[in-house]
Amino acid sequence: MAGAVTETLLSRAIAERRATRHYEPTPVDENDLRKILEAGLAAPSGYNLQPWRFVVVRDLEQRRRLREAAMGQSKVEEAPVVIVACGDPQGWRNGDLDEVLRMAAQHGPDGPAKHESVRRNVIRFLGGVPGNQGGIGPDLAVWVNRQVMVAFTTMMWMAEVLGYETAPMEGFWEDKVKAVLKIPDSVRVVALLAIGHGKQTDKPFAERFPMSRVVFAEEWGKSIRVAGDRQ
Ligand SMILES: Cc1cc2nc3c(=O)[nH]c(=O)nc-3n(C[C@H](O)[C@H](O)[C@H](O)COP(=O)(O)O)c2cc1C
């Protein structure tokens, strides 16, 4: 029931969400789209650097072009909204860090000395990739993926609790997506999110690995026991 005042409980949305293949042409309500975008922008990121960028694609012709870049996936054309989530590995060098520190100065309890120390830490952390310039930080492509997927997933859940269906996508040619959307070379395309009103009944739940296979206690490989375990 998209556009409804009542939001679904997150726990219910988690239980019921499916990656939805087919969509009705009915648009996503503008207020709902705003909520979805704002939810993503409220996500946490390392040092609050927010290296994410999003291109919201609603225009049908543009969705058709994007579909070609997304390996022909029909949901890109069918869904009324496709959010293309990107990451800018150099954004922190090109103004984002200054802006984050400016906002921190405006809202936070810390003084200028603390902000300058944060600046030094960020530059030390992100300024060199392992094996390159002796930096301590992560590979920046991995780093932007890590941050962008938090915001992306937050948008997905907000769309789901508002009553929409969604489909996350990694099936796209990055260079083609960049060409269609005029995304700069230095920016990475991380994932696509289709949002809309699902057309058919959801496909059946594909099951998930049991906890015993993928969750360990205290160290890798040691099985975990938690209350309510299925024996
Ligand atoms: C990061 C990510 C990328 C995905 N890429 C695609 C995709 O390109 N095309 C597609 O049809 N499904 C894609 N999926 C959907 C998965 O296939 C789907 O989530 C999985 O099979 C489990 O099904 P369910 O989400 O319906 O429970 C992707 C899911 C994630 C999380």
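When a ligand or atom number is given, it counts from 1 through the structure's own listing order. Just so it is clear, the model here is predicted, and its values are computed rather than measured. Hydrogens, waters and symmetry mates are skipped; everything else that's a heavy atom, side chains included, is used.
- A salt bridge does not link K35 with D29: none of the charged nitrogens is closer than 4.0 Å to a carboxylate oxygen.
- Within a 6.0 Å radius of CZ in R119, other residues, nucleotides and ligands contribute more than 12 heavy atoms.
- The six-membered or imidazole ring of Y23 lies away from that of H197, with a centre-to-centre distance of 6.0 Å or more.
- Scanning the protein for heavy atoms near atom 5 (N) of ligand 1, the closest one is E170 N, 2.8 Å.
- Within the listing of ligand 1, atoms 24 (P), 26 (O), 27 (O) sit less than 4.0 angstrom from a heavy atom of R18.
- There is a protein heavy atom closer than 4.0 angstrom to atom 24 (P) of ligand 1.
- The heavy atom nearest to atom 7 (C) of ligand 1, considering only M149, Q73, K75, R208, is found in Q73.
- Remark: among candidates G171, P168, A194, the nearest residue to atom 6 (C) of ligand 1 is P168, based on non-hydrogen atoms.
- Not a single heavy atom of M71 lies less than 4.0 angstrom from ligand 1.
- The pair R65-E68 does not meet the salt-bridge criterion, since no charged nitrogen lies less than 4.0 angstrom from a carboxylate oxygen.
- A salt bridge is absent between K75 and E78: the closest approach of a Lys/Arg side-chain nitrogen to an acidic carboxylate oxygen does not fall below 4.0 angstrom.
- More than 12 heavy atoms of other residues, nucleotides or ligands sit less than 6.0 Å from atom CG of D59.
- For atom 21 (O) of ligand 1, the nearest protein heavy atom (residue, atom name, distance) is K203 NZ, 4.6 Å.
- In terms of polar-atom proximity, A19 is counted as a contact of ligand 1, with an N or O under 3.5 Å from an N or O of the ligand.
- Closer than 4.0 Å to atom 27 (O) of ligand 1 lies at least one heavy atom of the protein.
- In this structure, a donor-acceptor pair under 3.5 Å is absent between the side chains of R34 and N31.
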